[in-house]
Amino acid sequence: MRVPLLDLSQQYAALAEPIRAQVEEVLSTRNFILGPKVEAFEAAIADYCGSPHAIGVSSGTDALLAVFMAMGLGPGDAVVTSAYSFFATGGCIARVGATPVFIDIDPVTYNFSTTALTRYLAESCRRDNDGSLLTPKGDKVRAIVPVHLYGLCCEMEPVLEIAARFGLQVIEDAAQALGAEYQLRGTIAKAGTMGNAGTFSFYPSKNLGAAGDAGMIVCQDEAFANRVRHCRQHGMEPRYYHHFIGGNFRLDEIQAAILGVKLPHLDEWSAARRGVADRYREEFNRLGLTDRITLPAEPYRKCGLTNHHIYHQYVIRTTNRDALREHLARKEIGTAIYYPLALHEQECFRYLSHRAGDFPESERAARETLALPMYPELSREAQRYVVESIAEFFA
Ligand SMILES: *Cc1c(COP(=O)(O)O)cnc(C)c1O
């Protein structure tokens with residue numbers, strides 16, 4: 001039996017007609033960039049997330065870049081983030097000239113450890129005469145970028161507390177977490193809406209995927225939203241007058257139109273993904289594998305949240321990861337490693353002078369974790385085959 005890591009065919013088949021109609025409409029109007037479809041989709045995301053402002057951009061990477069540029073982050077600034085994320089999180093910090101500062105992850109959630117974050121800011125950094133916070137190397141700490149990895153929100157309450165204490169901006173990298181919820185001071189908040197700004201990706205394999213690249217920024221402040229809108233078009237306002245340097249971060253009408261068709265289904269897809277996760281747990285328990293394999297944690301399951309986890313990825317942990325992966329490949333089961341290197345181990349960040357052991361839990365996750373097939377339409381039969389194949393490996 002062949003079980004791919006991700007199969008978008010059923011989802012597309014179910015929506016092919018309205019999607020084609022939307023694409024036809026854009027083609028017939030020849031309004032290709034930043035038109036009514038983008039505006040409608042921005043309004044739909046703002047409404048879905050419960051955020052006052054949403055700005056459509058060209059990708060999740062450009063969403064981060066546009067926010068960092070609009071905040072004026074640059075040389076001499078430090079931006080604190082997780083040592084274990086997709087490259088864009090660290091890459092965009094470096095691209096604006098700021099210094100990425102990594103924090104090790106919590107081995108249970110794979111999100112950065114808020115204890116380590118607090119310890120770093122409160123103990124390793126020092127206050128400058130003007131009250132600003134300096135890293136040991138002398139960069140000014142300006143922002144924290146929590147990453148809601150695999151569809152599970154970071155513990156945002158301590159993040160927001162420490163950010164307020166030191167006057168730092170908070171930019172949530174919610175590329176993998178559109179719709180994921182967190183209980184913040186007694187109310188339910190969606191990923192991306194808790195900090196100063198949040199960024200989303202609609203890369204085709206994300207939970208809400210475009211037919212190409214697309215992204216979104218949500219934010220609280222109107223003046224900042226306007227600045228991001230200008231940043232999306234080379235810092236231009238009015239036409240051909242440039243107040244600061246931005247980029248071409250525009251969103252296409254065709255992508256926005258397609259995403260607009262799919263968004264109303266996102267919550268049912270996330271619920272189906274949780275169903276898939278529940279079935280995996282049942283099967284792993286049934287075959288007595290939970291002493292060999294660590295299943296994803298669900299720390300917010302009992303918090304009264306619906307989208308307590310949206311399972312962008314279903315990631316297990318085992319010390320025999322590479323051999324298991326080869327075994328599953330022979331059984332025609334698709335798996336992936338997110339990510340084989342922690343950010344501080346990447347060659348391009350060698351200039352930061354980190355060494356092995358600096359972030360042990362991130363390094364261990366890079367060695368031990370494996371993503372199993374996960375998509376809303378994954379059948380129980382396919383899941384049984386996956387887990388039975390894993391049992392065969394350990395037998
Ligand atoms: C996918 C992703 C991004 C980048 O999104 P793109 O749309 O591919 O540019 C950024 N951060 C994280 C955590 C991601 O998973």
Side-chain angles (χ1 to χ4, degrees), residues 5-6 8 38 41 45 54-69 79-96 100 102-103 105 109-112 143-154 156 159 170-180 191-192 195 197-218 232 247-252 254-256 258-259 262 270 273 296 309-315 336-344 346 348-349 362 365-366 369 371 374-375:
L5 182 69
L6 171 66
L8 294 170
V38 168
F41 181 56
I45 287 287
I55 301 110
V57 291
S58 33
S59 70
T61 303
D62 288 345
L64 287 167
L65 192 58
V67 167
F68 296 163
M69 289 176 92
V79 178
V80 182
T81 192
S82 174
Y84 199 60
S85 178
F86 177 61
F87 175 72
T89 318
C92 290
I93 296 170
R95 280 175 73 186
V96 296
F102 300 124
I103 299 291
I105 57 168
T109 64
Y110 306 107
N111 285 324
F112 67 8
I144 304 172
V145 182
V147 183
H148 306 306
L149 205 66
Y150 307 144
L152 177 73
C153 281
C154 286
M156 287 301 291
V159 173
V170 175
I171 303 108
E172 302 170 63
D173 182 343
Q176 303 186 0
L178 179 63
T199 62
F200 299 106
S201 165
F202 307 115
Y203 183 76
S205 67
K206 296 282 156 78
N207 287 28
L208 182 66
D213 279 309
M216 186 74 66
I217 295 156
V218 294
R232 173 172 73 172
N248 171 2
F249 304 134
R250 294 180 298 243
L251 177 58
D252 290 348
I254 286 183
Q255 298 307 338
I258 292 171
L259 290 164
K262 295 175 81 172
S270 295
R273 284 170 181 270
H309 199 319
I310 61 161
Y311 285 102
H312 172 57
Q313 299 293 348
Y314 189 86
V315 174
I337 297 171
Y338 302 114
Y339 299 93
L341 283 183
L343 290 177
H344 69 287
Q346 298 289 350
C348 64
F349 288 135
S362 302
T369 60
M374 167 54 81
Y375 47 93

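Along the sequence shown, the residues carry numbers beginning at 1. For ligands, and for the atoms within them, numbers begin at 1 and follow the listed sequence. The shown structure was predicted, so the numbers you read here are calculated from the model rather than taken from an experiment.
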*Asks:* Among protein heavy atoms, which lies nearest atom 3 (C) of ligand 1, and at what distance?
*Replies:*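 Result for atom 3 (C) of ligand 1: F86 CD2, 3.5 Å.
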*Asks:* Is there at least one pair of N or O atoms, one from G60 and one from ligand 1, spaced under 3.5 Å apart?
*Replies:*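 Such a contact does occur with ligand 1.
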*Asks:* Measure from atom 4 (C) of ligand 1 to every heavy atom in T61, L149, V57 and give the option owning the shortest one.
*Replies:*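 Comparing heavy atoms across T61, L149, V57, the nearest one to atom 4 (C) of ligand 1 lies in T61.
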*Asks:* Has ligand 1 got any nitrogen or oxygen that is less than 3.5 angstrom from a nitrogen or oxygen of D173?
*Replies:*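 So ligand 1 has an N or O lying under 3.5 Å from an N or O of D173.
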*Asks:* For V147, take its heavy atoms, then give the atoms of ligand 1 lying under 4.0 Å from any of them.
*Replies:*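 Taking each heavy atom of V147 in turn, ligand 1 has 13 (C) under 4.0 Å.
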*Asks:* Establish, yes or no, whether a centroid distance under 6.0 Å links the rings of F202 and F41.
*Replies:*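 When the ring centroids of F202 and F41 are compared, they turn out to be within the sub-6.0 Å range.
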*Asks:* Does an N or O from D62, backbone or side chain, lie closer than 3.5 Å to an N or O of ligand 1?
*Replies:*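 Not met; the criterion fails.
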*Asks:* Could you tell me the residue and atom name of the protein heavy atom closest to atom 2 (C) of ligand 1, and the distance to it rounded to 0.1 Å?
*Replies:*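 I find the closest protein heavy atom is K206 NZ, 2.7 Å.
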*Asks:* Is any side-chain heavy atom of V57 less than 4.5 Å from a side-chain heavy atom of L65?
*Replies:*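 SC-SC contact between V57 and L65 ruled out.
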*Asks:* Are there over 12 heavy-atom neighbours, none belonging to Y203, within less than 6.0 Å of that residue's OH?
*Replies:*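 No - once you tally the heavy atoms of other residues, nucleotides and ligands closer than 6.0 Å, there are 12 at most.
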*Asks:* Where does the angle between the aromatic ring planes of Y84 and Y339 fall among parallel (under 30°), tilted (30 to 60°) and perpendicular (over 60°)?
*Replies:*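 Y84 and Y339: perpendicular rings.
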*Asks:* Looking only at distances, can you tell me whether any N or O atom of S201, backbone or side chain, sits closer than 3.5 Å to an N or O atom of ligand 1?
*Replies:*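 Between S201 and ligand 1 (N or O atoms, distance only) the closest approach is under 3.5 Å.
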*Asks:* I want to know if ligand 1 touches Q176 in the polar sense, i.e. an N/O pair below 3.5 angstrom.
*Replies:*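 So ligand 1 has an N or O lying under 3.5 Å from an N or O of Q176.
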*Asks:* Evaluate side-chain contact (heavy atoms from CB on, under 4.5 Å) for D213 paired with S58, printing each intermediate quantity in order.
*Replies:* CA-CA 6 Å; D213 279 309; S58 33; over 6 Å; no
*Asks:* Show which atoms of ligand 1 fall inside a sub-4.0 Å distance from at least one heavy-atom site of S59.
*Replies:*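 Under 4.0 Å from S59, ligand 1 has these atoms: 7 (O), 9 (O).
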*Asks:* Any non-hydrogen side-chain atom of P296 less than 4.5 Å from a side-chain atom of Y311?
*Replies:*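 The answer is yes; the side chains approach within 4.5 Å.
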*Asks:* With heavy atoms of A88 as the reference, note each atom of ligand 1 found under 4.0 Å away.
*Replies:*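 Heavy-atom distances to A88 below 4.0 Å select 10 (C).
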*Asks:* Less than 4.5 Å apart, any side-chain heavy atom of M156 and any of H148?
*Replies:*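 Heavy-atom side-chain distance check passes, below 4.5 Å.
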*Asks:* With heavy atoms of A175 as the reference, note each atom of ligand 1 found under 4.0 Å away.
*Replies:*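 Selected atoms, number and element: 2 (C), 3 (C), 10 (C), 11 (N), 12 (C), 14 (C), 15 (O).
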*Asks:* Donor-acceptor check, side chain of K262 to backbone of G209, threshold 3.5 angstrom: yes or no?
*Replies:*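 Flag set: sc K262 to bb G209 pair under 3.5 Å.
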*Asks:* Is the closest side-chain heavy-atom distance between F112 and V147 below 4.5 Å?
*Replies:*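 The answer is no; the side chains never approach within 4.5 Å.
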*Asks:* I'd like to check which ligand 1 atoms, numbered from 1 as shown, lie under 4.0 Å from a non-hydrogen atom of S85.
*Replies:*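 Under 4.0 Å from S85, ligand 1 has these atoms: 13 (C).
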